[in-house]
Structures are given as structure tokens and as C-alpha cells.
Amino acid sequence: QVALLDIDICGPSIPKMMGLEGEQVHQSGSGWSPVYVEDNLGVMSVGFLLSSPDDAVIWRGPKKNGLIKQFLRDVDWGEIDYLVVDTPPGTSDEHLSVVQYLGAAHIDGAVIITTPQEVSLQDVRKEINFCHKVKLPIIGVVENMSGFICPKCKNESQIFPPTTGGAEKMCQDLNVTLLGKVPLDPQIGKSCDQGQSFFSEAPESPATLSYRSIIQRIQEYCDQHHLREDKTV
Amino acid sequence: ILPEGSNLAGVRHILLVLSGKGGVGKSTISTELALSLRHSGKKVGILDVDLCGPSIPRMFRVQDNDVHQCDSGWVPVFVDQDKSISLMSIGFLLEKPDDAVVWRGPKKNALIKQFVTDVAWGDLDFLIVDTPPGTSDEHISTVEALRPYKPLGAILVTTPQAVSVGDVRRELTFCKKTGLRVLGIVENMSGFVCPHCLASLSYDLLLLLFLLQECTNVFSKGGGEELAKHAGVPFLGCVPLDPQLSQSLEEGRDFIQEFPKSAAFPALAHIAQQILDGTSQRSS
């Protein structure tokens, strides 16, 4: 049973990627109902509260924090195995607030995404520092857009050359786990744009295999974590 | 009429580079636009107001530089002897490059106000303001602080993907609501020509291929141009994915100088030309 919470208040992409554009949130006696993709996958995003795709959320920090608190407190998720929280880039209000508000609930950890480029790694090192500062455990790093396989000739090329050693070197330097590398498959973008599951559309893609391996490692981390902790909410 | 001695009094044109979405290449476009304008003989400054992820200093290989104070405020960092490009970024104020700036909105707003009024730019033809993704504190504060100086407008960067275009629609609304003129939309990472497929082809054929869009649409197709049409704003052009450009940026090199034959070069030069044409129309 999975819950996906999108706290990118200014740029909520999750509804579109899940094929839920145009859906609205319903209120019940027990709070806001998430929007369900499947029986076991519920989603919440500010995207569901906007009436038009042109609507902009032009809010300063405090107002964004208020909505994040509501999302965590007032959404009737029910019993869930995994709460996945998608965040915007940065180390600011949204990140501080979600860590603070979830403090009592005990966060398993963070998965940090980068591309092979130094311009991305530069920011990810800061994100890793943020996690240390707020005592958020790091499950690991994923290197996305790592190599491109041409659909015509099937050769691999580097669109984003890892001039400073990519995520692999950064993880070695900072003693953080590299969960895996996901190659650029044009089908990924297409599936996301169409709100389809990439796994269903391209089950044989090297990217699918990468994703599955990464997800398995995350699940293993969480399982080990549970064995050691006595969870009380 | 600007207050006498205002640090922006010598700046002829101010333009903002915005996007709703992260990772679309705003800082790349800001950097390449600055280099293009310099090649046309202009003096350019870049103000980097991305406080959490300042990318500009490294793109010019000056990430280790310090910032000094003068009587009128901070002295911007010059990237070369000609002093034709100058920069200001929080990147220069960090003790260590990996230090995270973990600030809430109010503290970010205070620094942005200072960045807008307290940098001694001197005389510039263009001040390019590079922003983080979104429509929040940094954007609201920057536009408010710049309002008395009447910015030329904003360039919005997207990739062809619908999720990116979706966020840029919101950014367009931000511009409308804050009275910021939209100079146009740039579609970045727009197509990729596989170097293996290309190995046997000549340069002329490369250009032809690009024009025929015979390249893989790595991030889907054409959303930027459609959005521009739908929103009634100019479409400034498509910049293709070019590993040579990526490499240049990583190493802080002048892409415009080193790779004039790259597929990305004509697109970038064309964008800069449209900005220049726009400013000469404005004055006449």
C-alpha cells in the first residue's frame, strides 16, 4: 500500500505523470481523500487543488509550509506501507518543513537524484549536507540520465558527460551508497507525458531493469531498518 | 527617475531567465546568452539569485573567487581581463563550495534585496538575472526589487516535455500577474543527434538533418513552440542537446568561441540576436 505525496507546490508534476490530470480532491468526515491510481496507490498534490493548468501558486515560504502541514495532517491515507514524498529542488522551506513535521513519525531516509554532470553534483553535495544537518538518513543516490541508448543504432553515448567522475566518484568521496544508474530512454519522457506506466510500456528497457534494481535496494534498506527499530506512531 | 548613485543606474537592459521547472537549463541559457552578447561587443553582468543551487560561478571557472566590498557595495567578479562579463552569486560568499544554504524565505528575501541594490555593476549593456525554478520567494522578491528599474522582460526556458511545459505555463501566469513582459520562450534539450549514427556524415548533412528534425526526440516533441503559440508570446528557438556544450559548461570554457560548428551554436546565436533586435526596436 503506497502513498505518493507531491510537495512541489510551485511545480506539481505528479498528477500528469500518474495520468491524473484534472482530478480533484474530495473531502470526507475523516479528511481529504487522496486520488487513487490503483487501489494500492494513492496520490496527493497541490495540482489537484488548481482549477486550470495555467494557475500559478505564487506563495512565499510560510504559506507553502501551511499547505504541507495540511497534506500531512488532513489527508486520510489509511494504512500504508510506504509514503513517498516528492520534493522540489533546493534546501529551503519545503525541505525543512517536511522533515520537521514528519519528525515524530520517523523518516526511513532520503533518496537523492542527480545527473552525471558536475553542475548537478555540485547541488547534490549541498543536498547531502542538508540531510546531515537535519539528521535525515541517506538511503542512497541515483544517477539519472546516465548514458543514452540510440533507438536507431543501439549504441550508447554520453549526453551529459561525467567530467568529474559522476555520481560514482561523489558517492565514494562522501561515503554514500550509489543505488544505481538509470540510462536515458526516450520512452520515459513519453510515458510520463502521457501519464502511462513506463514499466508497462517498456518492460525490456535497460532503464526498467535499472529502476527495478534500485527499488529493490531501497526496499531492502527499509526492511533492514524496520528489523532494528520498534515503530510507534 | 532613479535615486542618484543607484548601482543599477549604469545598466541599460535587465532581463530575467525563468522556468517553472528545475533542470531545464536556465543557467546554461543565461551563460550562453551572456557569451553571445559579449561576442556582439556588449558588456554583460549575471546576477545569480539561485541561493540553494548557485550554478553560475562554475560555468565561468571562477567558483574559487572571493567577493570584495567597495564604497558603493559589492564588487562583482570579472571572468576575464577585458571585464566584459561580471558575476554575482551566493556561490562566492560560501566558505566551502559544498556548504548548503538552508534558509527559509525571509532570509532569502533579505539577501536578494541586497543583491539587487548593493552590487556595484558600473556600466553594463545587459544584466541577466538567473533564477531558481518556481514561483516563490526568490521570484517575488527579485521582481519587486527590480520593479523601479523597469526590466526589459523575461525569457522562459522549457524542455519539449509536457511536464516541463506544464510548469512553464504557470511561470507565464506569474509573469502576467507581476507585470513582467515575456520576451519569449526557449525550448532547450530539443533533440539529439546520436554521434554514432552521425560518424559517417559530413557537417552539411548534419545541419540538414537538424533542420529536418531527423534526430531522436530524447525528451518528446515540440511542446515549447506550441506553448508559445497558445500563450501569444514569441518563440525564440530550439537548442538541441549537445554533449560538446555540456562538456564546455562543465569545464567553464567559452563554448561560443570553441564550438562555432556545433549544432547548438546557431540556435544560441539566433536567440541572442532576437534579444538585440528587440532592444534596438525599443530604443527607436
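Naming convention: chains lettered A, B, ... in sequence-line order (proteins, then strands); numbering from 1 in each chain. These numbers were taken from a predicted model, which means no experiment stands behind them.
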Is chain A contacted by the side chain of [X], its backbone, both, or neither, given a heavy-atom distance below 4.5 Å?
{"X": "B/Pro106", "result": "neither"}
{"X": "B/Leu227", "result": "neither"}
{"X": "B/Leu172", "result": "neither"}
{"X": "B/Asp98", "result": "both"}
{"X": "B/Lys107", "result": "neither"}
{"X": "B/Lys176", "result": "neither"}

How would you list, in number order, the residues of residues 44-54 of chain A that have a heavy atom less than 4.5 Å from chain B?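 Within residues 44-54 of chain A, the residues that come under 4.5 Å of chain B (heavy atoms only) are A/Leu50, A/Pro53, A/Asp54.
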Any side-chain to backbone donor/acceptor pair from [X] onto [Y]? Under 3.5 Å, distance only.
{"X": "B/Glu250", "Y": "A/Glu118", "result": "yes"}
{"X": "A/Ser92", "Y": "B/Trp103", "result": "yes"}
{"X": "B/Ser55", "Y": "A/Val119", "result": "no"}
{"X": "B/Thr135", "Y": "A/Cys10", "result": "no"}

What side-chain donor-acceptor pairs closer than 3.5 Å can you find for residues 15-22 of chain A, not counting sequence neighbours?
from    : atom 1 : to      : atom 2 : distance (Å)
A/Lys16 : NZ     : A/Glu21 : OE1    : 3.0

Choice from A/Pro12, A/Ser97, A/Ser120 maximising heavy atom contacts with chain B below 4.5 Å: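 Heavy-atom pairs under 4.5 Å are most numerous for A/Pro12.
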Option in A/Pro161, A/Gly90, A/Pro89, A/Gly61 with maximal non-hydrogen atom pairs under 4.5 Å from chain B: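 Most heavy-atom pairs under 4.5 Å with chain B: A/Pro161.
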Give a yes or no on this: more than 12 heavy atoms of other residues, nucleotides or ligands lie within 6.0 Å of atom CD of A/Gln196.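 Buried by this count: over 12 neighbours within 6.0 Å.
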Chain B heavy atoms under 4.5 Å from A/Glu94: which part of the residue, side chain, backbone, both or neither?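 The answer is neither part of A/Glu94.
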Between B/Glu144 and A/Arg60, is the closest basic N to carboxylate O distance under 4.0 Å?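 Looking at A/Arg60 and B/Glu144, the cut-off is met.
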Can you give each donor-acceptor pair under 3.5 Å made by side-chain atoms of residues 138-150 of chain A, sequence neighbours left out, with the distance rounded to 0.1 Å?
from     : atom 1 : to       : atom 2 : distance (Å)
A/Glu143 : OE1    : A/Ser146 : OG     : 2.5
A/Glu143 : OE2    : A/Ala167 : N      : 2.8

Quick one: CG on A/Asp55 to CZ on B/Arg170, what's the gap to the nearest 0.5 Å?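 One gets 8.5 Å once the value is rounded to the nearest 0.5 Å.
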Heavy-atom side-chain contact between B/His139 and A/Ile58 under 4.5 Å: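 Not touching, per the 4.5 Å side-chain cut-off.
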B/Cys52 side chain near A/Lys126 side chain, heavy-atom distance below 4.5 Å: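 They are not in side-chain contact.
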Using distance only, find each side-chain donor-acceptor pair of residues 197-208 of chain A under 3.5 Å and give its atom names and separation, not counting sequence neighbours.
from     : atom 1 : to       : atom 2 : distance (Å)
A/Ser197 : OG     : A/Phe199 : N      : 3.3
A/Ser197 : OG     : A/Ser200 : N      : 3.3
A/Ser197 : OG     : A/Ser200 : OG     : 3.2
A/Ser205 : OG     : A/Asp185 : OD2    : 2.6
A/Ser205 : OG     : A/Ala207 : N      : 3.0
A/Thr208 : OG1    : A/Ala202 : O      : 2.6

